[in-house]
Structures are given as structure tokens and as C-alpha cells.
Amino acid sequence: MSKFFALIRSRYSGILLEPTRVFYLAISLALLIVFTVFSLANPRFFTASNLLNVLRQASPTLISAVAMTIVITLSGIDLSIGSLLAVVAVLSAMALGAGWNALLVVVAVLIIGSGMGAVNGFFAAYQKIPAFIVTLATLSVYRGLALLLTHGYSLPIPPNSPFIFIGRGWVLGVPVPVWIALAVVIIGYIVFYKTPFGLYVTGIGSNEEAVRRAGVNVKRVKFWAYVLSGSLTAIAGMIVAARVAAGSSYIGVGFELTVIASVIVGGTNLFGGEGRMLGTVIGTLLLALISNGLVMIHVSAFYQQVVEGVILLLAIWFNKGASLLGNNKG
Amino acid sequence: MHLLRLEGIEKHFGKIQALRGVDLDLNHGEALGIVGDNGAGKSTLLKIMSGVVMPDHGRIFLDGKDVHFRTPKDARARGIEMVYQDLSLCETLTVAQNVFLGREPVRRLLGVPLLDKKALYDKTQRVLEELRIKIPSIRAQVKNLSGGQRQAVAIGRAVTFKPKILILDEPTAALAVREVQKVLDLINNLKSHNIATILISHRLQDVMTVTDRVVVMYEGKKVAERKTRDLKLEELINLISQSKSAVRGDGSE
């Protein structure tokens, strides 16, 4: 593999093979192929209603993926988001069932989600425990909490609650979750590319010690990245709960894998130092389109996880190849 | 008056006596070379001067004032800057982002700090031009630069702190031959900015080229001190390799 890339590099070095450009070319090609194949296989695939449906379903993933892009870029990982999403969904359903005001629920759940992210951040940033272990532990803890809260039942959300609007509403012909995701992406883009925080995130992923020596409070940057992951996943969780009008402890199993795969397919380096926020958007859409397309050509749902895992693996593989392309030392 | 003066610096790590009473002077605008075999105590001495390590005994005077460095921040605040051998650069950030890492210009929009990229690139351009550092593009990621260019970026970054003293740890060790001269020119250049430099290097010909004075260390002691222009390379090699006898014999300069 590396020899192959070395050969390409020596033959066609220069601006044409600038890694970012190669990457966006490749992923656009992948999108085109996906569109063509599924459109030919089922004419209903390439319709406005189906594509809006894909967007709506991809919104929670995209919202969490924005935070995950930041977390992975600083050489971290957050495996707990699927479980965190379940806790949030369950708490929303409980509070709404108890007659809480919908707005109050949103605020309370955002705070709780941030708090759960802060727990990850505290151990990963301040106690220097590898994020992989910390969030693997909280993956278990948070899922357990969701099960304890519901005793394994699914709690309904009153269908007349204004809360439902978050997941099912439409504004100007576009589903509300898509608007929320769009806002999160724009803010995420600005934070990642236009603020010192975003710069430090990339710097930490590249050379943490150098950033620390530059006088930046590295721990604080890391901590807030995990808080961001918790709070954005709280938003994702509310959207999911509102869409299905219920809070179930089994919601969001495997959500972290979908999110991580979307980010990696989007060209963010799994080992940190280089993130692509727009790539995350494209990666999320690509995976969502593939899974929607597979359903539409009647592929068994059991294959979905296989496909997702394989794509994640291929993406990491390609990612390594691409970084070889971009590295002078090869 | 000396810019920097060390008196009787001692340091031990456990049972190992890394420094056994070192005296050292540095004059304004001077380039001082510190040479010696591995384990001579060069890096410990340099860590003491830059505040990374605190000495067990001895005193440090800066412009005649008794100073104590507890952290690298203390040393930096007093005008002592250090370029680490590993350079401390972020490969995936651009040249400009590295030069001003932690001090990037921002403008506030509704209280939110936003990076002022134009100011950043203008400032970086100015700094590099002043030092006559040539980099293909200050918008290039550091990972696309050669070893010599990286060294230049690291030195450029250090100079932006407006130091009185710049300590360079093996700045030419990992460089291609054709790049060494450029870095040496850059170090020479620092004199015209009234920055005193301390150069730690194994490459004796480099030390001979850029320094005004050379200090030879052996087993935690200063065993010789010479003006560079009175020194021949062979003599310096002898001083280093025969420093064992120098410790026992004429410890004087």
C-alpha cells in the first residue's frame, strides 16, 4: 500500500495531489457512485421526499459528529455518546411525562448532558486517563443509568407535547432536526476554524507538549471538548426521543460507531492533529445515504452493521494512505 | 557587567551528581558555545538556565541581579528563551500559527474571540523578514518543511518573545549538510538583534563557526574556556577528549 502511494507521489507530485484536494475528490466520487447505483436500483431513492428523510435521520448523527470531529482531532475519542443519548432520551420522557414544561426540559437536559460530558472531560483531561478507557467506562455507566431509570421499559412522551416538534416538526419545507443540525454545523465550523480554541484542538492533536509549552491550558481545552460532546449529544438525544415520541433505554446502541465512522470517512485523522469539519458533513451524509439505499433495495437490516464496520475500516485504511501521500518523508 | 552569571551551580539526581559547581558568564550580544561529551552535564545546565530544573546549590545573576527560576515561565519573563532539540512545533499547523501559538491575534465579535488571520500572517511575515528567514510559504503546514526550515521557524518563534538570551539545544544535529549553513547564518544574525546565544552542540565545526567563546564541560564541571578565535578545531577536540586529565590536572582556564 505504502509503496503504491510512494509511486503515485513520485510520479504526480504537486498541487494536483495536495492531500485535502485528493480527499475531497475521492469522497465526492464516492457520493456520486452511491447516488448513481441506488438511483438506478430504485427510482424512489432520488426523490426530494426520500432525500429529506435521509437528512432528517442523519441529523442526530451529524450533530454529535461535529463534536466528535473536535474530540478526535485533539487525539481523543468519546465512546459514551450512544449511552449518553439514551440517558438524555429517557430523562426527557420522564420529565415530560411528569408534566414539566417542554422548554424547561430542554434546558435541564442540556445541562445534564454537558455534565455527563464533563465527567468524561474530568477523567480524560485532568486525571490523564486515556479517553478510550474513560468513555468505555462511562459507556457502561450511562447505559446502566438509562436501564435503571426505565427498568428496561420504553417511556412514552405525550404526543401533544410541544417537545415533539423538535423531532417531527417542519419549517419552510425542511424538517426541524435538519435546521438544528445546520446551525450546529455552522457554529462547529466557526469554533473549529476561526477561534483560538479550534486552533489549540488541532495543535494538541499534533503535539500536545508544544501547545503546553506555548502556555496554553491544554487540560481546559480537552475538558471543554468533552463537555461539547456531551451537550451536542444531548441535543441529538432530544431529537431522537421527540422523533419516536418515547424514551427507551435501548436507544442509541451503536450510535458512537456511526458517529465515529462518519467523522473518519469525512477525512479526520483518527490519531488526531487534522480534522475536517466539512468532511464530517459529507461523511455523515454518505453513510446515511448508503444505509438508506440498502433499505430501499431491500437488503436485510442485519447487513447494515456489517457494511458500517467495513466502511469504517476502509476509511481508516484510506486515511493512512492519504497521509502517506501528504508526508514528505513518506 | 555580565548579562548572565552562574556561580557554583550544583545539581544531583538521586546518586548521580550531574553538576559539580559550575561557574559561567555570558556577555551582552555574545554567542557562547558549550561542548562536552555525553553526560558532561550540558543539558542539565541548560535546563537550569531555562527554568526547567532548579539547582541544588549556586546562584544565578541576570544583569547583576540575583534571580531564581522555578518554572520556564520565570525564565521567559526574564528574557531567557529556549529552543528545544525537538523544536516543539505542531506539524499540522501552519508556519504562522506555530510562530504565534498561544499568542495569536484575535478580534472580538459579540464577545467571541475570532482568529485574526490577516494580522497573524502580516506579523509572521515581518518577523521572518527581519531575521531573513526564507520559508516557501508561511501558510504551509510545518510537516511540509525541511529540517532546517523547521529549525528556522522554531528560532523565529523564540525571537518573537524578544529574549535577551536564546538557548539553542543541538540546532544543527538533524540537518542536511546544505541546511546547516543557513541555520548558522541565522544564529549569526541574532547578534545584530542584540540577542546573546548559548549554543549546545556536538558539531564542533558549527561551534567554531558561530561562537565567540567556547566552554568545555566534563563530568559536571567546566574544564576549559577559550575565546573561539584563539582556538583551533584540533585543540578543541583534544580539550574534550582529554578532559579527564584536565579535571585532575590544570582545572584552570
Side-chain angles (χ1 to χ4, degrees), chain A residues 9 13-15 17-21 69 72-75 186-218 220-221 224 267-276 319 322-330, chain B residues 50-52 71-77 81-94 96-120 136-137 139-147 149-150 153-154 157-158 160-161 174 176:
Chain A
R9 198 172 61 233
S13 59
I15 198 73
L17 275 179
E18 196 254 319
T20 307
R21 209 167 285 202
T69 305
I72 290 181
T73 301
L74 56 66
S75 290
I186 291 171
I187 294 170
Y189 184 90
I190 292 170
V191 167
F192 192 60
Y193 290 111
K194 308 284 181 191
T195 67
F197 175 84
L199 184 69
Y200 300 153
V201 164
T202 304
I204 290 168
S206 175
N207 187 347
E208 181 174 340
E209 181 61 14
V211 182
R212 197 186 62 77
R213 282 179 191 163
V216 175
N217 189 336
V218 168
R220 198 167 69 191
V221 172
W224 283 106
T268 293
N269 189 335
L270 179 61
F271 306 104
E274 210 148 30
R276 292 199 174 98
N319 206 315
S323 66
L324 285 176
L325 269 175
N327 194 333
N328 279 342
K329 287 179 288 188
Chain B
S50 60
V52 177
T71 65
K73 244 182 193 167
D74 292 349
R76 172 173 284 169
E81 197 59 39
M82 157 119 177
V83 176
Y84 294 87
Q85 195 174 357
D86 68 12
L87 300 183
S88 291
L89 299 175
C90 294
E91 298 218 324
T92 55
L93 296 184
T94 66
Q97 286 168 339
N98 269 289
V99 169
F100 285 101
L101 186 63
R103 299 165 297 154
E104 38 288 298
V106 293
R107 56 198 163 82
R108 288 186 180 271
L109 194 71
L110 306 170
V112 182
L114 296 177
L115 296 168
D116 188 342
K117 290 197 176 157
K118 192 179 178 304
L120 173 69
S137 165
R139 290 177 164 78
Q141 289 182 321
V142 165
K143 70 176 176 189
N144 295 323
L145 302 186
S146 70
Q149 290 168 337
R150 288 174 196 219
V153 172
R157 172 177 166 73
T160 60
F161 288 96

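Just so we're on the same page: letters track the sequence lines, and every chain starts at 1.
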Are any non-hydrogen side-chain atoms of A/I190 and B/L114 less than 4.5 angstrom apart?
yes
Please identify, among B/D86, B/V112, B/V106, the residue contributing the most non-hydrogen atom pairs under 4.5 Å to chain A.
B/D86
Which portion of A/F197 sits near chain B, non-hydrogen atoms under 4.5 angstrom
neither
Between A/G273, A/G215, A/P196, the one whose heavy-atom pairs under 4.5 Å with chain B are most numerous:
A/P196
Calculate, to the nearest 0.5 Å, the distance between atoms CD and OG1 belonging to B/E91 and A/T202 respectively.
14.0 Å
Please identify, among A/V211, A/L199, A/I204, the residue contributing the most non-hydrogen atom pairs under 4.5 Å to chain B.
A/L199
Contact class of B/Y84 relative to chain A, heavy atoms under 4.5 angstrom:
side chain
Considering all heavy atoms, the nearest B/L115-A/Y193 contact
CD1-O, 3.9 Å
Name the region of B/K73, side chain, backbone, both or neither, that has any atom closer than 4.5 Å to a heavy atom of chain A.
neither
Who wins among B/D116, B/N98, B/T92 for the most heavy-atom pairs under 4.5 Å with chain A?
B/T92
Less than 4.5 Å to any heavy atom of chain B: does that hold for the side chain of A/V191, its backbone, both, or neither?
neither
For A/R213 versus B/R76, what's the shortest heavy-atom pair and its separation?
O-NH1, 3.7 Å
Would a distance-only check, ignoring hydrogens and angles, find a side-chain to backbone donor-acceptor pair under 3.5 Å from A/N207 to B/L89?
yes
What is the minimum heavy-atom distance between A/A210 and B/S88, and which atoms define it?
CB-O, 3.2 Å
